[in-house]
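Please read the structure below before turning to the comments.
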Protein chains: 2
Amino acid sequence: MLELRHLRTLIALQETGSVSLAAERVFLTQSALSHQLKQLEAYYQQPLFERKTQPLRFTLAGERLLALARDLLDKVASAERDLARIRQGEAGELRVAVECHTCFDWLMPAMDSFRQHWPAVELDIVSGFHADPVGLLLTRRADLAIVSEAEPQAGIVHQPLFAYEMVGIVARDHPLAEKKVWQAQDFANETLIHYPVPDEMLDLWRKVLLPARVSPLRRTSELTVAIIQLVASRRGVAALPFWAVKPYLERGYVVARRIGEQGLSSELYAALRSEDAGLAYMQDFLSTVRERSFATLPGLTVLEG
Amino acid sequence: MLELRHLRTLIALQETGSVSLAAERVFLTQSALSHQLKQLEAYYQQPLFERKTQPLRFTLAGERLLALARDLLDKVASAERDLARIRQGEAGELRVAVECHTCFDWLMPAMDSFRQHWPAVELDIVSGFHADPVGLLLTRRADLAIVSEAEPQAGIVHQPLFAYEMVGIVARDHPLAEKKVWQAQDFANETLIHYPVPDEMLDLWRKVLLPARVSPLRRTSELTVAIIQLVASRRGVAALPFWAVKPYLERGYVVARRIGEQGLSSELYAALRSEDAGLAYMQDFLSTVRERSFATLPGLTVLEG
DNA sequence: TGTTTTGAATGAATTTAATTCATGATTATC
DNA sequence: GATAATCATGAATTAAATTCATTCAAAACA
């Protein structure tokens, strides 16, 4: 018999395009999902996907179920928001402190969506770049901070959002384009183009260059497009989230390369005061961010608490 | 985490008004449902019903989930119909043979609903009362017959619809109104008013009067209201489905009494040719009949295959 | 006002179902 | 054509749902 669990799987399948990735997305093994899909197809006595292809393709029947899934899960989310409001009221304050430039890309759509669902919650962005976003929480000048490390701290809890890969980008005809994988040394004789933020907020700096004691020339820019433009004009190299550069890759302006054998992974957490962790609108904000981000940004991976 | 199973339970709860009856409706024990509801309330951290009352009352949060349930389960049904059509086409023929008068009461709404969902299926009623409705199936003059006993027969399968109680009705000031429970003997000196059908199609006759060799005076009428009217005017007594007389009981025209210590139970099955049992529209017709009937007729009970 | 009946709750035992593990098969990739 | 990567499968395991046996609470009855 059909359950919501099955529909959640279908959504993950569509968003990831493969059984293994979908499994990871819903915190199950590939095997579990394979069994689950087999069971579904047996129940409806017809195939729901063609697995021979990458990404997998839904059959007509599969598409129909997928449409059902989207419809139903939206409605469930909406009902659960109502229950949360019934339980503990609908008003509150949610000031978000952001320390990364690219965060705005996914934050804005999520905030839009949230604003519609919780009109009585005062949603705001604490602007400017702060060395210590968690300090803003403790001094009550913000209620939620987006951070890239979950450093334990009294009175603060960290809720995982998602992880993604930072890739090195360079002009197509630049010598580094020949290397599949870059190491710290490869940056030594380049100009690194990055956002104007403190060094410790740059993942590349913290995790790659600093440990290897490599310090390339630097140049900064506020805007992602500007950085891409500089890279394309051979003014330097940069490290950016894969999902942020993908559109430019497809147009061929620049090429992307892995940094380090395992790739350079970037993680994002929401930090909030422990006392606020139970607030319904707070939890819903986090769900919204995750849901919207996974649905729209390519290549995200889940991040365990 | 919420699953459709929970929503199916909520619907059953509303339709029956009690945990025990709802449990029977969804083929589980009372205990199972009690655990399930406890889990649900723990998940949403708030009560969903007040149990102190009979029938139980939903809280605001409960009502919200119930609305979700109705919405979602409708959509699931609709999607599953689409899948069935994708699998095996949407056209066909469905001629229904009916042997009981009251059947029309629940059959018509179900047929209306079905017609909208399967416009390409030719739906028809084989009119007139036939001594052998199953014969109509074998000679292909009907595709589905509503019968009250599942007599095994080659090439025919019986699918349970539902069961209900037949009650004796009598005028308020008639002596029999004093007796809580009627026995066969109580009919001996009464005039029995019934539909004009062969005796073996009258449950009261088959199961009560014939075994006890009691044969009261008889009088027939085609219409339920007319029978009620005759009973109210002290022209006799009748035995009718509880759900059919309930509205008249509430207006006080007549009173209803149990027949036999255990009550006189009536069962309904759909008989169809074995080869047709797998047809999607056939199965959907049966689901529709059950679903609509349970939702609208009071006092129905489930009937196991 | 007991007494009996009925419906719901609870904890432990059980059954059922979902999930993982280990591995083989299949399909992409270079 | 070799080598990953992805998916499928059966058995083992784990987790979850359900039942069983009982208690508790409330309502109906005498």
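Chain letters run A, B, ... following the sequence lines, proteins first, then strands; residues in each count from 1. Here the structure is a predicted model, which is why all the values come from computation and not from measurement.
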Would you say B:R64 and A:S78 make side-chain contact, with heavy atoms under 4.5 Å? yes
Contacts of type salt bridge (charged side-chain N to carboxylate O under 4.0 Å, His left out), residue B:K38, not counting sequence neighbours: none
Salt bridge (charged side-chain N to carboxylate O under 4.0 Å, His left out) against B:D74, all qualifying residues, sequence neighbours excluded: none
First encountered from the 5' end of DNA chain C, between A:L28 and B:V19: B:V19
[X] [atom1] - [N] [atom2] separation (whole Å):
X: B:H6; N: D:dT18; atom1: NE2; atom2: C1'; value: 12 Å
X: B:H35; N: C:dA12; atom1: NE2; atom2: P; value: 11 Å
X: B:Q39; N: C:dA8; atom1: CD; atom2: C1'; value: 17 Å
X: A:F27; N: C:dT20; atom1: CZ; atom2: C1'; value: 17 Å
X: B:L33; N: D:dC20; atom1: CG; atom2: P; value: 15 Å
X: A:L21; N: D:dA5; atom1: CG; atom2: P; value: 13 Å
X: B:R8; N: D:dA17; atom1: CZ; atom2: P; value: 14 Å
X: B:R5; N: C:dT16; atom1: CZ; atom2: P; value: 16 Å

Check: [Y] main-chain N/O paired with [X] side-chain donor or acceptor under 3.5 Å:
X: A:W182; Y: A:R257; value: no
X: B:R290; Y: B:P160; value: yes
X: A:S34; Y: A:Q30; value: no

Nucleotide N/O of nucleotides 26-30 of chain C paired with protein N/O under 3.5 Å:
residue, atom, partner, partner atom, Å
C:dT27, OP1, A:K52, NZ, 3.3
C:dT27, O3', A:K52, O, 3.4
C:dA28, OP1, A:K52, O, 2.1

Look up atom CD in A:Q88 and atom CG in A:L83, then write down how far apart they are to the nearest 0.5 Å. 11.5 Å
base_contact_polar (C:dA9 base, B:Q30 side chain, donor-acceptor, <3.5 Å): yes
From the set [options], return the single nucleotide nearest to any side-chain atom of [X].
X: B:S31; options: D:dA8, C:dC21, D:dA21; value: D:dA21
X: B:K38; options: C:dT10, D:dT18, D:dT9; value: C:dT10
X: A:S18; options: C:dA12, D:dC7, D:dA17; value: D:dC7
X: A:S20; options: D:dA11, D:dA17, D:dT6; value: D:dT6

Distance below 4.0 Å between B:Q36 side-chain N/O and D:dA17 OP1 or OP2: no
